[in-house]
Amino acid sequence: MNILREHVEPVLGNALESIGIQNPNWKSMLAQSREHSQGDLSLPCFPFAKQLGKNPNEIAHELSELIVKNEAIGEINANGGYLNFKAEAKWLSMQLLSGKVRIGDAFGKKSDTGRQILIEHTSANPNGPFHVGRARNAILGDTLVRLHRLLGNEVRAEYYVDDMGKQVGVLAWALDNLSDDDVDSILEDKDSVSTKWADKADHTRVRWYQAAQKLRSDESESQTMEKEIGELVHASEHGDESVLEQFHNSFQPVLDGMLETLGRLGIEFNQFTNESMFVTNGDVAKLTKTLSELEIHGVADNGAEYLDLGARGLKGKTEFFFKRGDGSSLYATRDIAYHIWKWSQCDELINILGEDHKLQSKQVGMTLQELGHKVPEVLFYSFIKLPEGKMSTRKGNVVFMDDLLEEAREHASTIVRELRTEYSEKEVFHIAESVGRSAIRFNIIKVSPDKGFTFRWEEALAFEAGSAPFIMYSLTRALSIAKKCSDNGVDVDEISNKILDFASMNMEFPDSLINLLRCMAIQNDVLERSVNQCRPNLFANQVLNLATSFNGFYRDCKIFYEGQVNELYLQVSQLASKFLKTGMEGLGITPLERM
RNA sequence: GGGCGUGUAGCAUAGCUGGAUAAUGCGUCGGCCUCCUAAGCCGAAGAUCGCGGGUUCAAAUCCUGCCGCGCCCGCCA
């Protein structure tokens, strides 16, 4: 709790000095109490024991007597070798209610911090619909974008479009050479497109891609085909405009379909950058020339060029190829050109990548460093599996995000209809859509990115405690209380803005109220840690805790009781709904007024 | 074989810049709607934090060895 820390450190510092502790590390030892009943901040006194020749608890007691309380510190106690500080409940309330604790805005456009950040995420090849596995990138990336904005950073969310190279080439070739019937007969053993998605190009066109891939693996067909695709790819890599246009026309509808899915999840981008840009504008050519002049540069028998990153400490396979024998560039080379360009657009760079890109990313980073650039920060995530095993479009072992979204909405509709028979169909639809998308996002965000997890329908569609709907529900309760008050003639805004006279207040602060205050007070501390460590799950957990704390407060503290409004409780509830709302927006959970 | 990551109650996870009684959800058992939305709340049972060693006043957390699982080790993207 950093707002308390400021008031503890000076007095604690003096006390430590007076008993002869010089150790400057004590500030990092003063930490959030683990035992909430003991306090908000705690200092373990064990390390001082040897130095002072006393037992830790004695030291803690001695310190507790030396410290002069101030307005912020409500209680100091020594227990089991720890010195604990508890925030004064009235002071904490005043800090929060008077707006000393920043609430933030997940949609903020301007930079409050002066930091300009470019986050590249998703960047999936536009050749087919999203499945839940591929969507982990988008959900993590978008959440990080939102959290950075909530913290006050200016963020640009960017999608790097692979508009050249073999994958797009295959798609373009297939669309040009295969008829509907061809595709159907080639893929006869595969399920056809669900009628639900018959109008979505990501679902329909992927069949052309798959058909072509199947043909390529077939000896008799593959030769001429491979030659034709090769020519397309070659032309694209040399910036042939008509081929690039053909590519564009092939993949754009697919990309649009994919973006529609992401839109449903609340994910949007500020900019799309095409890979071909760096070929056509000459950046790649310039780059390969520069790389060829580096001291760790090497040439293979056929003229292909590489950097020997072993010389810079890379273990394992150390040759990093950036130019083929035929002189053309590789994906990684273009990626480096892209990174150099990105660095010209921002102060900080963050990439969201699957764990399969670790080596690649390392190579790009080392090369950038070799060229005098900074290394981007990277959030790696592990893959999502299905109970049946690895997710694979080819093997048909997939869950499409579109299907998951539909299923989640339908499931939510069923629940809403059961629980709220008075709601209109239109409202049910709106609630169900919001609940579905929020639950899906939260289910993925709440787990640590570097942990692989298994997708289970029951879990994705569980709308109980520990889920997004649980959080959403807390907010609707808070909002419904405010509504109840105003329905009873209470001027909620007036009371919310009133400055309460804490000095003459002699009511007890229930534990659950203090708990909620404490939870709001640390929201920004957690946000900062979550963002700095690139771990959205930490903040997800915080918002979950906030919702839980609110539920406790809701239980114990009646805001409107026997015709009377408790002004303090109403103010706290209103503030909590703001923290809940912005926290939810930071996670991409849709705040609803009722559900 | 080498590199990176991961292993926590029946299940799924949090905690990993070392600090108190290892936290949460699902599941199990028991309670709470004349009372601001029960998608909620309260209580109970359930854990040798993969295994061994080390560092430390203190290890789920740091180091090391082993074992299991995942990913990577293309002049593919």
Side-chain angles (χ1 to χ4, degrees), chain A residues 28-29 31 33-35 37-38 42-50 55-56 79-82 84 125 127 162 164-168 275 300 302-306 314-319 321-326 328 330-332 334-335 354-360 362 380 382-383 385 390 412 415-416 418-420 435 439 446-448 450-454 456 458-459 462-474 476-485 487-488 529 533 537-538 540-541 544-545 547-548 551-552 554-562 569-570 573 594-595:
Chain A
S28 65
M29 280 157 50
S33 308
R34 190 155 140 211
E35 296 304 312
S37 56
Q38 297 292 336
S42 298
L43 180 77
C45 297
F46 308 95
F48 310 134
K50 203 178 256 179
N55 81 51
N79 193 359
Y82 289 86
N84 303 306
N125 287 335
N127 57 10
D162 184 3
M164 58 184 295
K166 203 153 252 174
Q167 297 213 32
V168 201
E275 191 178 330
N302 67 349
E305 300 184 37
Y306 61 88
L314 185 69
K315 289 176 195 158
K317 197 209 166 212
T318 63
E319 291 167 345
F321 281 87
F322 61 88
K323 196 170 169 185
R324 291 198 188 90
D326 70 2
S328 61
L330 285 115
Y331 173 81
R334 285 169 246 142
D335 199 24
E355 60 178 340
D356 55 337
H357 282 69
K358 276 186 182 173
L359 176 60
Q360 164 89 236
K362 178 95 188 153
F380 291 107
S382 213
F383 293 121
K385 297 184 293 272
K390 204 173 155 180
I415 293 174
V416 183
E418 251 169 53
L419 262 32
R420 318 273 182 253
V435 165
K446 72 175 179 190
V447 329
S448 177
D450 44 27
K451 218 162 228 171
F453 87 83
T454 306
R456 289 186 177 82
E458 322 82 89
E459 277 168 29
F463 299 161
E464 291 150 330
S467 72
F470 169 86
I471 297 168
M472 297 164 78
Y473 196 63
S474 291
T476 61
R477 283 169 140 182
L479 298 178
S480 103
I481 296 168
K483 186 172 182 297
K484 184 188 172 189
C485 289
D487 285 350
N488 280 279
R529 228 160 46 99
Q533 295 182 17
N537 59 306
L538 299 182
N541 215 270
L544 206 50
N545 288 338
T548 305
N551 289 344
Y554 170 88
R555 177 194 64 229
D556 295 340
C557 303
K558 295 284 178 246
I559 290 168
F560 191 80
Y561 191 61
E562 293 177 348
Y569 291 172
L570 180 58
S573 172
R594 50 180 216 163
M595 59 187 278

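Here is the naming used below: chain letters follow the sequence lines, and residue numbers restart at 1 for every chain. Everything numeric here is computed off the predicted structure, so don't read it as measured data.
Between A:D450 atom CG and B:U8 atom P there is a gap of 14 Å when expressed in whole angstrom units. Atom NZ of A:K362 is separated from atom P of B:C4 by 9 Å (rounded to the nearest Å). Note: CZ (A:F380) to P (B:C72) measures 13 Å, nearest angstrom. Taking atom CZ on A:R334 and atom P on B:C75, their separation rounds to 14 Å, with Å as the unit. The nearest whole Å value for the distance from the CE atom in A:M472 to the C1' atom in B:A39 is 10 Å. The distance between atom NZ of A:K484 and atom P of B:C36, rounded to the nearest whole Å, is 6 Å.
Contact annotation for A:P56: no contact, since no heavy-atom pair falls under 4.0 Å across all strands. In this structure, A:S42 reaches the bases: a heavy-atom distance under 4.0 Å links it to at least one base atom across the strands shown. No engagement by A:D335 is indicated, since no non-hydrogen atom pair under 4.0 Å with the nucleic acid exists. Note on A:F46: a base of the nucleic acid sits closer than 4.0 angstrom, heavy atoms only. Among the atoms of the strands shown, base atoms are found under 4.0 Å from some heavy atom of A:Q360.
For A:R477, no side-chain nitrogen or oxygen approaches OP1 or OP2 of B:A39 to under 4.0 Å. Side-chain N/O atoms of A:K451 include one lying less than 4.0 angstrom from OP1 or OP2 on B:A14.
Toward the 5′ end of RNA chain B lies the nearest nucleotide of A:M29, the other residue of the pair A:D556 and A:M29 mapping further downstream.
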Could you run down the sub-3.5 Å N/O contacts of the protein with nucleotides 21-28 of chain B?
{"residue": "B:G25", "atom": "O2'", "partner": "A:A465", "partner atom": "O", "Å": "3.1"}

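Anti is the conformation of B:C4, whose glycosidic angle sits further than 90° from 0.
With sequence neighbours excluded, no residue forms a salt bridge (Lys or Arg N to Asp or Glu O under 4.0 Å) with A:R477.
Of the possible donor and acceptor atoms, none in the side chain of A:S573 sits under 3.5 Å from a partner among the backbone N and O of A:Y569. At distances below 3.5 Å, at least one donor-acceptor pair connects side-chain atoms of A:R420 with backbone N or O atoms of A:M595.
Side-chain polar atoms of A:Q167 and A:D162 form no donor-acceptor pair below 3.5 angstrom.
A:F321 qualifies as a stacking partner of the B:C75 base, centre to centre under 5.5 Å and near-parallel within 30°.
Side-chain to base pairing of A:N302 with B:C75: one donor and one acceptor N or O lie within less than 3.5 Å of each other.
Base pairing in RNA chain B gives the following stems of 3 or more Watson-Crick or G-U pairs, range against range and under 3.5 Å: B:1-7 with B:67-73, B:10-13 with B:23-26, B:28-32 with B:40-44, B:50-54 with B:62-66.
When the C1' atom is compared between B:G31 and B:A38, the two are found 14 Å apart, to the nearest whole Å.
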